[in-house]
Amino acid sequence: MEQKKILIITYYWPPAGGPGVQRWLKFAKYLPEFGWKPVIYTPENPSYPLLDETLMKDVPKDIEIVRTKIWEPYQLAEKLNKSNKKFKAGQFDVGKNQSWKSKLSIWVRGNFFIPDARVFWVKPSIQFLEKYIQENNINTIVTSGPPHSLHLIGLGLKDKFPNLKWIADFRDPWTEISYYKHLKLTKSSDKKHRQLESAVFKNADITLATSYTDAENFRKGGANSVCITNGFDESDSDKAKEQTENILKDKFTLSYIGVLEQLRNPENLWKVLDELVKENTDFANHFSLKFVGRIDDKILNFIENSSLKNHILNLGYLAHGKAVEEMQNSEILLITNFPNESSKGIIPGKIFEYLASGKQILSFGPDQADVSKILDETQAGKHFSYSDSETVKKFILEKFDLWKSGQLSENTQHIEQFSRKNLTKQLSEIL
């Protein structure tokens, strides 16, 4: 049977690193097993915040990749202020850490580039893809954001081809994302963001969400929304376990894997760990705090100026496969979300690889978060608020005592639903 073509419009594609690239890379890997032939449309000269050449191994050898040039203003922004490099990954300084240059840059970013700085790729892409779709008999497209400007490509193509099936995939919310309120938007800019978001919701045939709460919120905004979470690739987790199964561990390691910015900084955890190191000699002799990824300099400086300074292992950004191995070389895996209630629907993608590792998960975020539901269902860890301290200390000490006695067991029950292959099957059924 001939496979049906699906055009996937995505900014992030290998060699881009980080979690943003993996969702549609993995869908593209498994879609052919369910009768779909993916075609990738992506920039020829993108400005990626992270690179990971090892992800190229997951790109199907026979996949068609279509590229066109993009112009982005990040080089100009970085000349104005070096910290503007964070903008590429949706990060910036907040509160007392904001200089006047940061404030100006954030204001420009929010009000001049709507919805984001990749907006200059929208019109050229619509013009190019209008012809491509006609010549290649494309009936189904996907736009994946952020950057949410890619949804405007879908909006333009849907206007030209009303019968085109359009799936708008929101890896993160648009106006409901926590940092939206920090963009220093004027009333007219805020109105424009919301109008564009609404137009996407109402014109896309399906709006995909990565969490249950986001799907519900999108439906309230007029979208035909369905949740397909992120997940883990069994081949990645199995390989990592093989690589690490014979390693002897003399350290009780709490690890954070990924990017940690100021808006998701668990200050209460650093204080709890500082207390434990000071109060408990046995804990101090065995404890290690490991970072794999990019940690905000101000967060790192704060930790290094505490009693934890001699317990830090900062490995920096590692290729995806190595990062998964470091999950295996840990006892507790840390995950953090934005603290406000509007972020309870965000499910960071790394939680699923955390689940596949079988390690205990320590989570911070708002009450009644979707992450908490997943942890309860899988019995894989505990979710706390940013005001919790004593309960966090109790949790860590319980796991430490179990580790010391050799009874800290791994747990992977009820996680099959989050495998990339099963999630792709869900996607194919929706398609």
Side-chain angles (χ1 to χ4, degrees), residues 18-23 25-27 29-30 55 58 171-172 209-215 227-245 253-260 264 266 290 292-293 318 320-337 343-366 368-384 395-396 398-399 402-403 408-427:
V21 66
Q22 292 176 45
R23 182 169 171 84
L25 173 61
K26 299 296 187 178
F27 280 142
K29 178 180 176 180
Y30 290 111
L55 292 177
D58 277 326
R171 300 189 317 276
D172 285 321
T210 58
S211 76
Y212 321 115
T213 298
D214 283 350
C227 173
I228 296 183
T229 68
N230 287 307
F232 64 90
D233 195 327
E234 289 172 307
S235 61
D236 292 339
S237 55
D238 290 345
K239 184 178 179 181
K241 287 178 180 178
E242 289 175 10
Q243 295 286 345
T244 60
E245 61 184 5
T253 304
L254 189 156
S255 298
Y256 183 89
I257 317 288
V259 177
L260 182 60
R264 297 186 293 111
K290 181 169 64 182
V292 178
L318 296 180
H320 177 249
K322 291 294 182 183
V324 175
E325 287 180 23
E326 291 301 335
M327 294 178 195
Q328 293 292 333
N329 288 328
S330 308
E331 280 61 58
I332 299 181
L333 296 169
L334 171 63
I335 194 165
T336 66
N337 194 0
S343 298
K344 68 180 184 179
I346 295 176
I347 306 176
K350 66 172 153 272
I351 190 175
F352 302 105
E353 291 180 317
Y354 280 10
L355 289 173
S357 75
K359 306 299 180 178
Q360 284 292 304
I361 299 170
L362 173 60
S363 169
F364 288 94
Q368 298 181 321
D370 285 6
V371 166
S372 181
K373 296 176 187 176
I374 291 173
L375 293 180
D376 289 344
E377 181 181 346
T378 58
Q379 297 291 295
K382 192 78 174 175
H383 181 77
F384 298 94
F395 174 85
I396 294 171
E398 282 178 356
K399 304 309 173 188
L402 287 170
W403 174 78
L408 186 59
S409 59
E410 294 190 357
N411 172 54
T412 55
Q413 63 177 332
H414 308 307
I415 68 169
E416 300 84 3
Q417 60 187 306
F418 301 119
S419 77
R420 294 286 189 182
K421 192 169 183 178
N422 283 336
L423 294 167
T424 306
K425 183 182 179 182
Q426 288 181 39
L427 174 64

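Numbers for residues simply follow the sequence, beginning at 1.
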Charged N to carboxylate O below 4.0 Å: is that the case for [X] and [Y]?
{"X": "Asp233", "Y": "Lys29", "value": "yes"}
{"X": "Lys26", "Y": "Asp236", "value": "yes"}
{"X": "Lys373", "Y": "Asp376", "value": "no"}
{"X": "Glu410", "Y": "Lys359", "value": "yes"}

Using modelled atom types only, decide if a donor and an acceptor are shared between the side chain of [X] and the backbone of [Y] within a distance under 3.5 Å.
{"X": "Tyr354", "Y": "Leu334", "value": "yes"}
{"X": "Lys382", "Y": "Phe395", "value": "no"}
{"X": "Asp370", "Y": "Tyr212", "value": "yes"}
{"X": "Asn411", "Y": "Gln360", "value": "no"}
{"X": "Ser372", "Y": "Gln368", "value": "no"}

Tell me whether the rings of Phe418 and Phe352 are parallel (<30°), tilted (30 to 60°) or perpendicular (>60°). tilted
Is there a side-chain contact between Ile228 and Arg23 in this structure, where contact means two heavy atoms from C-beta onward sitting under 4.5 Å apart? yes
For [X] and [Y], which heavy atoms make the closest approach, and how far apart are they?
{"X": "Ile347", "Y": "Thr210", "value": "CD1-O, 3.7 Å"}
{"X": "Glu326", "Y": "Ser255", "value": "O-OG, 4.4 Å"}
{"X": "Ile335", "Y": "Tyr256", "value": "CA-CE1, 4.5 Å"}

Looking at Lys290, I want to see if its NZ is surrounded by more than 12 non-hydrogen atoms of other residues, nucleotides or ligands under 6.0 Å.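 More than 12 within 6.0 Å, yes.
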I'd like to know if the side chain of Gln417 pairs up with that of Glu377 as donor and acceptor (distance under 3.5 Å, no hydrogens or angles considered).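 On atom types as modelled, these side chains qualify, holding a pair under 3.5 Å.
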Distance only, no hydrogens: is a donor on one side chain within 3.5 Å (strictly under) of an acceptor on the other, for Asn337 and Ser343?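 No, no side-chain donor-acceptor pair sits under 3.5 Å.
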Counterpart residues, side-chain hydrogen bond (donor to acceptor under 3.5 Å, both in side chains), relative to Ser419 (two or more places apart):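 Listed in chain order: Asn422.
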